[in-house]
Amino acid sequence: MIRKLDKPWEDGIAQTITFIVTKDCQLACKYCYLVGKNPNERMTFNTAKNAIDYILGLENEFPQKSVVWDFIGGEPFLEIELVDKICDYIKSELYKRNHHWFDSYRFSFSTNGITYNHENVQNFIKKNKSHLSIGITIDGTRLKHDMNRIYKFSGKGSYDDVVKNIPLWLKQFNDEPATKVTISSPDIIYIKESVLHLFSLGIHEVDINCVFEKVWNDGDDALFEDQLMQLADDIIDEGYYKDFACSFFSEHIGKPMDKVLDNQNWCGAGRMLAVDAAGNFYPCTRFAGYSLRSKKPIKIGNVHDGIDKNKLRPFLTLDRLTQSPLECIDCEVASGCAWCQGENYDAAETNTIYQRSTAICKMHKARVRANNYYWNKLYRKLELEGQREEFEKNKRDVKSEIC
């Protein structure tokens with residue numbers, strides 16, 4: 001079985017609108033990029049209403065056929081009553097305005113999962129199930145998870161409070177049971193057992209990535225490669241590849257980039273829109289103040305004055321060539337090497353958005369080496385078992401579904 005890992009809703013052409021409903025969270029995850037989390041900045045319904053009215057009032061400015069209304073924090077389910085009210089207003093306005101997004105929208109959440117089973121959260125899910133996407137973050141085994149995802153006051157790990165809600169989540173969203181795993185330097189050695197543990201919980205798609213910040217130590221890439229190769233052995237030898245998927249293994253990474261055909265920006269900064277509790281607009285949440293260590297936030301407008309297109313314009317010109325150093329442009333394994341636009345800005349020597357951070361360079365190259373090992377071993381196994389043709393056919397069928 002080929003999993004449709006990372007298939008974007010509406011093939012990635014949906015407009016994304018993000019509401020930062022709170023900057024509070026129960027946890028103080030050690031790798032969290034939200035350095036300015038606090039319990040004081042909470043969005044009001046009136047601010048959200050003004051943002052929605054502005055966006056829906058400019059239908060020609062947002063021509064995408066579909067929309068993702070994304071809710072983040074902190075922890076967005078801390079404000080589930082507010083979120084519920086916002087979503088009701090969105091649905092009502094889409095209908096009253098006969099908007100082209102009516103019935104072509106999704107409400108999206110990434111949650112720590114702690115309050116997932118609470119009655120008010122479950123009532124919201126039941127009411128909006130057909131238009132809902134929820135990802136729960138669980139980092140793997142209890143040991144790995146509790147190394148980083150700890151309660152902010154007690155320092156206690158949160159694994160037990162999250163894992164108890166996984167069966168309910170999987171039951172409700174069994175068509176797309178993917179989670180998000182984050183890797184940082186101290187927990188590299190637990191990658192293999194953590195991915196396999198998540199498979200054992202019934203999570204068929206494990207979305208996993210290294211943090212973009214400069215936290216990596218000498219030798220981390222070798223540990224990383226070793227863990228991925230051990231994981232590759234287990235996935236192939238035990239047959240997990242038939243029903244499970246891990247985003248670290250992809251046939252589309254580790255190749256040179258075509259300087260013309262592949263000259264896109266990695267992320268959608270500038271084509272997305274985020275709004276905070278004060279009603280300020282940002283090209284992405286990573287440009288809001290609570291996401292930045294050393295730089296000032298970059299605002300592109302607010303709910304009262306609208307979007308300043310002059311401030312937005314630089315983001316629309318971003319591509320691979322305008323911000324990458326020569327070593328990245330000419331790299332033989334460039335494809336699949338990601339970056340975060342906000343981290344580029346935060347780590348830059350000046351206040352520019354055109355300087356690409358290369359903190360994960362060695363980690364990407366280690367991933368590519370392990371990835372090559374994975375696919376070479378898998379195809380050898382399939383050839384020996386006479387299953388190569390069926391495997392390739394399944395891949396083509398999945399691709400045609402996505403396209």
Side-chain angles (χ1 to χ4, degrees), residues 2-3 5-8 12 180-185 187-189 191-192 195 205-236 241 245-269 318-344 347-348 354-382 391-392 395 399 402:
I2 308 297
R3 306 293 301 181
L5 194 66
D6 284 338
K7 177 187 180 300
K180 179 184 176 185
V181 179
T182 300
I183 303 299
S184 59
S185 181
D187 52 66
I188 294 173
I189 60 175
I191 291 175
K192 184 198 81 166
V195 172
E205 297 189 7
V206 176
D207 295 333
I208 185 168
N209 66 276
C210 297
V211 298
F212 290 103
E213 289 76 18
K214 193 175 183 179
V215 300
W216 305 105
N217 300 312
D218 289 342
D220 279 351
D221 54 328
L223 291 174
F224 185 47
E225 182 178 353
D226 180 64
Q227 279 290 300
L228 292 188
M229 291 180 73
Q230 289 187 47
L231 177 60
D233 284 337
D234 276 28
I235 289 177
I236 295 169
Y241 65 90
C246 172
S247 62
F248 271 149
F249 300 121
S250 168
E251 288 188 279
H252 306 296
I253 72 167
K255 302 176 179 64
M257 303 300 298
D258 186 300
K259 294 181 178 63
V260 176
L261 298 179
D262 299 317
N263 190 32
Q264 298 90 23
N265 196 21
W266 181 264
C267 75
L318 284 165
D319 56 31
R320 185 177 296 271
L321 293 178
T322 57
Q323 58 190 307
S324 298
L326 187 61
E327 63 180 308
C328 294
I329 295 171
D330 292 338
C331 179
E332 291 297 312
V333 294
S335 63
C337 187
W339 63 84
C340 169
Q341 206 64 56
E343 175 59 20
N344 287 355
Y354 293 100
Q355 182 176 327
R356 177 175 168 183
S357 171
T358 58
I360 65 166
C361 175
K362 289 183 178 180
M363 303 302 285
H364 171 70
K365 291 177 179 177
R367 178 194 174 196
V368 169
R369 292 191 294 269
N371 190 72
N372 291 340
Y373 172 81
Y374 173 89
W375 289 103
N376 286 334
K377 178 170 181 171
L378 178 58
Y379 279 127
R380 284 199 303 270
K381 175 183 173 70
L382 293 171
F391 188 82
E392 294 284 3
K395 283 199 303 181
K399 184 175 181 180
I402 294 175

Within the 4.5 Å heavy-atom criterion, are [X] and [Y] side-chain neighbours or not?
{"X": "Arg367", "Y": "Phe248", "answer": "yes"}
{"X": "Thr358", "Y": "Pro325", "answer": "yes"}
{"X": "Val211", "Y": "Ile183", "answer": "no"}
{"X": "Val181", "Y": "Asp207", "answer": "no"}
{"X": "Ile329", "Y": "Met257", "answer": "no"}

Rounded to the nearest 0.5 Å, what's the gap from [atom1] on [X] to [atom2] on [Y]? Could you check?
{"X": "Phe224", "Y": "Ile191", "atom1": "CZ", "atom2": "CD1", "value": "5.0 Å"}
{"X": "Ile235", "Y": "Lys192", "atom1": "CD1", "atom2": "NZ", "value": "11.0 Å"}
{"X": "Ser335", "Y": "Glu251", "atom1": "OG", "atom2": "CD", "value": "12.0 Å"}
{"X": "Ile236", "Y": "Trp375", "atom1": "CD1", "atom2": "CH2", "value": "8.5 Å"}
{"X": "Ser250", "Y": "Tyr374", "atom1": "OG", "atom2": "OH", "value": "10.5 Å"}
{"X": "Ile188", "Y": "Leu228", "atom1": "CD1", "atom2": "CG", "value": "9.5 Å"}

For [X], what residues pass the side-chain contact (heavy atoms from CB on, under 4.5 Å) criterion, not counting sequence neighbours?
{"X": "Cys337", "value": "Arg356, His364"}
{"X": "Ala222", "value": "none"}
{"X": "Glu332", "value": "Pro256"}

Is it true that Gln355 and Asn344 share a donor-acceptor pair across their side chains at a distance under 3.5 Å?
no
Contacts of Asp220 that satisfy salt bridge (charged side-chain N to carboxylate O under 4.0 Å, His left out) - sequence neighbours left out:
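Here no residue qualifies.
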Test salt bridge (charged side-chain N to carboxylate O under 4.0 Å, His left out) applied to Glu213 - qualifying residues, sequence neighbours left out
Arg286
Smallest heavy-atom separation, Trp216 atom then Ala359 atom, equals CD1-O, 3.5 Å
Which atom names give the shortest non-hydrogen contact between Phe212 and Cys340, and what distance separates them?
CD1-CB, 3.8 Å
My understanding is that only residues two or more places apart in sequence, or in another chain, count here; which of them pass side chain to side chain donor-acceptor pair (under 3.5 Å) with [X]?
{"X": "Asn376", "answer": "none"}
{"X": "Thr182", "answer": "none"}
{"X": "Asn217", "answer": "Ser185"}
{"X": "Trp339", "answer": "Asn265, Gln341"}

Would Cys246 and Leu231 satisfy side chain to side chain contact (heavy atoms under 4.5 Å, CB included), going step by step from the backbone distance to the final call?
CA-CA 10 Å; Cys246 172; Leu231 177 60; 4.2 Å; yes
Polar side-chain atom of [X] near backbone of [Y] as donor-acceptor pair, under 3.5 Å:
{"X": "Thr322", "Y": "Asp319", "result": "yes"}
{"X": "Gln264", "Y": "Leu261", "result": "yes"}
{"X": "Asp187", "Y": "Ser184", "result": "yes"}

Which pairs, with at least one residue in residues 224-236 and sequence neighbours excluded, count as a side chain to side chain donor-acceptor pair (under 3.5 Å)?
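Qualifying pairs: Glu225-Arg369, Asp226-Gln230, Asp233-Tyr373, Asp233-Lys377.
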Heavy atoms from other residues, nucleotides or ligands near NZ of Lys180 exceed 12 (cutoff 6.0 Å):
no
Do any pairs count as a salt bridge (charged side-chain N to carboxylate O under 4.0 Å, His left out) and have a residue in residues 254-266, sequence neighbours left out, and if so which ones?
Lys259-Asp330
